[in-house]
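Here the structure is laid out as structure tokens; the discussion comes afterwards.
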Amino acid sequence: MIVLLIGTGAREHALARALSLDPAVTQLHAAPGNPGIATLSTHAGRPSTLHGVDPLDGTAVAALAAAVKADLVVVGPEAPLVAGVADALRAAGIPVFGPSGEAAMLEGSKAFAKEVMAAANVPTAEPRVCETPQQLEEALDAFGAPHVVKDDGLAAGKGVVVTSDRAEAQAHGNAILDAGGRIVVEDFLDGPEVSLFCLCDGTTVVPLQPAQDFKRAHDGDAGPNTGGMGAYTPLPWAPEGLVDEVVRTVAQPTVDEMARRGTPFVGVLYCGLALTSKGTRVVEFNARFGDPETQVVLARLATPLAGVLLAAAQGRLAEIPPLEWKNDAAVTVVVAAQHYPASPRKGDPIEGIEGAEAVETVHVLHAGTARDADGTLVSNGGRVLSVTALGADLAEARERAYQGVEEIRLEGSHHRTDIAERAAAGEDLLGA
Ligand code: GLY
């Protein structure tokens, strides 16, 4: 099978790695890819190929897919999906794992997602959509602190502010309005958060294993929101039956509602959940794999990935055997550039990846990296690397991941030291 992967981050490196390990994949192409994906070879030893094609240009992506004779295109990030890249591929008759532009609006508009959830009776916080400063004031008064203020549209991980500081909530909302956007204000959902990725083929839902992400920049969930500073799976503290419950009450009704509207959802329905004192609630939907949760979820997936994604793309998920999982636990720790998330410093040499990968089970996934003119690997983004490890349990996976992180040398870089710490210590996060 010839596979073309669209995207450039550590999530895409994790997807590419899993695809390269699938014996069915004979050629692996990526656009634009990254220096980590460039080092991969297929199971049979054929090096991956990177293509300098704009991932947001559906016509160019479809032309590339045709030129390389792709049997499957996997679209990683949300922006190409919302821009309709999957539609261009489907129109060209190429199987694609990723929703249409209309279906990707489950991520592209928080107000739309709330409307679909209301129609499908999916449990979530009651929203108020605001288009004026006065509506924002009223909504902040109505819900009280902590305030949850979301950009309705895509905001590259910077759209949501959760704060008890009303002035901060107001400033965030007003900045969105000033930029011509809409705001969604909603009730704060207490309780630990869980990410569950559901593979969908428009009709059938196949859940992966749940993971937990760490969104704040610093230890103890302090500091600003980021794209995610680390993740782990499994979740020993999660209630039994959580996955079945989420498929039954969240994912399947949403997929059914999208099909009913004539905009079937094909791809990953990322259910961002809060396990609140009143029950499981959807915090948000995304229309793609999460980053960095994908790094740990795919590290544990034993079933070859390409056949599963192709089955989803072709509407055949009901026919595939149950997914198989390794017994190991997985932990990933993000190494971020100095001053991430505010203004990440770029262009610094990165060393120590080989040393990190010499630690048992550790693999290092590239995100914000690039090769400079003389071929040196340098930082080129906020989240630079995802250092990922497996272990017999979370404690062992954690220890190995942090041993790997210690090997990485990148001036000014920072990482959280508490990824998976509480879960590895056997804490009941639900009771905390
Ligand atoms: N881990 C958060 C996200 O992928 O949006």
Side-chain angles (χ1 to χ4, degrees), residues 9 56 77-83 101 104-117 124-190 193 213-218 221-229 270 272 274 281-288 290-292 334 336-346 367-368 380-383 414:
L56 293 173
E78 61 276 19
L81 293 167
V82 171
M105 288 312 279
L106 283 178
E107 175 163 3
S109 166
K110 303 222 173 326
F112 173 75
K114 291 284 186 183
E115 191 237 302
V116 171
M117 282 188 258
T124 186
E126 199 60 40
R128 275 206 196 188
V129 180
C130 308
E131 295 182 339
T132 66
Q134 193 186 336
Q135 288 172 347
L136 170 63
E137 292 273 343
E138 286 165 8
L140 293 175
D141 284 342
F143 291 119
H147 305 290
V148 180
V149 180
K150 299 180 172 179
D151 191 331
D152 177 49
L154 291 186
K158 294 190 176 145
V160 181
V161 160
V162 180
T163 178
S164 292
D165 179 344
R166 189 185 164 106
E168 189 189 353
Q170 225 168 339
H172 181 61
N174 284 327
I176 295 166
L177 293 177
D178 288 348
R182 292 197 299 179
I183 311 163
V184 174
V185 179
E186 62 186 48
D187 245 341
F188 174 71
L189 296 171
D190 64 345
E193 292 194 6
D213 177 20
F214 291 73
K215 293 215 173 73
R216 300 276 177 168
H218 307 307
D221 293 329
N225 255 328
T226 70
M229 295 296 289
Y270 167 151
R281 301 279 184 276
V282 174
V283 176
E284 64 176 8
F285 281 142
N286 292 314
R288 37 86 194 167
D291 187 345
V334 169
Q338 188 175 28
H339 304 313
Y340 173 75
S343 53
R345 163 177 158 162
K346 295 183 185 171
N380 190 39
R383 293 188 292 172
H414 63 100

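- Rounding to the nearest 0.5 Å places CD of Glu131 at 12.5 Å from CD1 of Ile176.
- When all heavy atoms of Val184 and Pro127 are compared, the pair lying nearest together is CG1-CB, 3.8 Å.
- Counting only distance, with no hydrogens or angles, the side chain of Arg383 and the backbone of Asp291 share a donor-acceptor pair below 3.5 Å.
- Under the side chain to side chain donor-acceptor pair (under 3.5 Å) criterion, Asp152 pairs with Ser109, Arg182, not counting sequence neighbours.
- Note that CG of Asn225 is 10.5 Å distant from OG1 of Thr163, once rounded to the nearest 0.5 Å.
- For Lys114, the side chain to side chain donor-acceptor pair (under 3.5 Å) partners two or more places apart in sequence, or in a different chain, are Thr124, Glu186.
- Take Glu137 and apply the side chain to side chain donor-acceptor pair (under 3.5 Å) test, not counting sequence neighbours, and it matches Arg166, Gln170.
- Of all heavy-atom pairs between Gly227 and Asp213, the closest is O-OD2, 4.1 Å.
- Considering CE of Met117 and CD of Glu126, their distance stands at 11.0 Å, rounded to 0.5 Å.
- In this structure, Val149 and Leu140 have side chains that are in contact, with non-hydrogen atoms separated by less than 4.5 Å.
- Between the side chain of Asn286 and the backbone N or O of Arg288, no donor-acceptor pair lies under 3.5 Å.
- At least one side-chain heavy atom of Phe188 sits less than 4.5 Å from a side-chain heavy atom of Val162.
- In this structure, the separation between NE2 on His147 and CG on Asp141 is 8.5 Å, given to the nearest 0.5 Å.
- Distance alone, capped at 3.5 Å, is enough to place a donor-acceptor pair between the His172 side chain and the Gly159 backbone.
- Closest approach of Ala111 to Val129, counting heavy atoms only: CB-CG2, 3.8 Å.
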Next item on the list: Apply the test salt bridge (Lys or Arg N to Asp or Glu O under 4.0 Å) to residues Glu193 and Lys215: give CA-CA distance (whole Å), side-chain angles for both, the deciding distance (0.1 Å), then the verdict.
Entry: CA-CA 10 Å; Glu193 292 194 6; Lys215 293 215 173 73; 3.5 Å; yes
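- The two residues Tyr270 and Gly290 make their nearest non-hydrogen contact at CE1-CA, 3.2 Å.
- In this structure the side chain of Pro224 reaches within 4.5 angstrom of the side chain of His218, judged on heavy atoms.
- Within the model, atoms CD of Glu107 and CD of Glu78 stand 4.5 Å from one another, a figure rounded to the nearest 0.5 Å.
- Listed by chain and number, the residues in a side chain to side chain contact (heavy atoms under 4.5 Å, CB included) with Glu115 are Phe112, Arg261 (sequence neighbours excluded).
- Between Leu136 and Val185 there is a side-chain heavy-atom pair separated by less than 4.5 Å.
- Across every non-hydrogen atom of Gly381 and Ala337, the tightest pair is O-CB, 3.5 Å.
- When the side chain to side chain donor-acceptor pair (under 3.5 Å) test is applied to Asn174, no partner is found at least two apart in sequence or on another chain.
- No donor-acceptor distance shorter than 3.5 angstrom exists from the side chain of Thr226 to the backbone of Arg216, with no hydrogens or angles considered.
- The heavy-atom pair separating Ala125 from Leu189 by the smallest distance is CB-CD2, 3.9 Å.
- Legend: residues meeting side chain to side chain contact (heavy atoms under 4.5 Å, CB included) with Gln338, ordered by chain and number and at least two apart, are Arg345.
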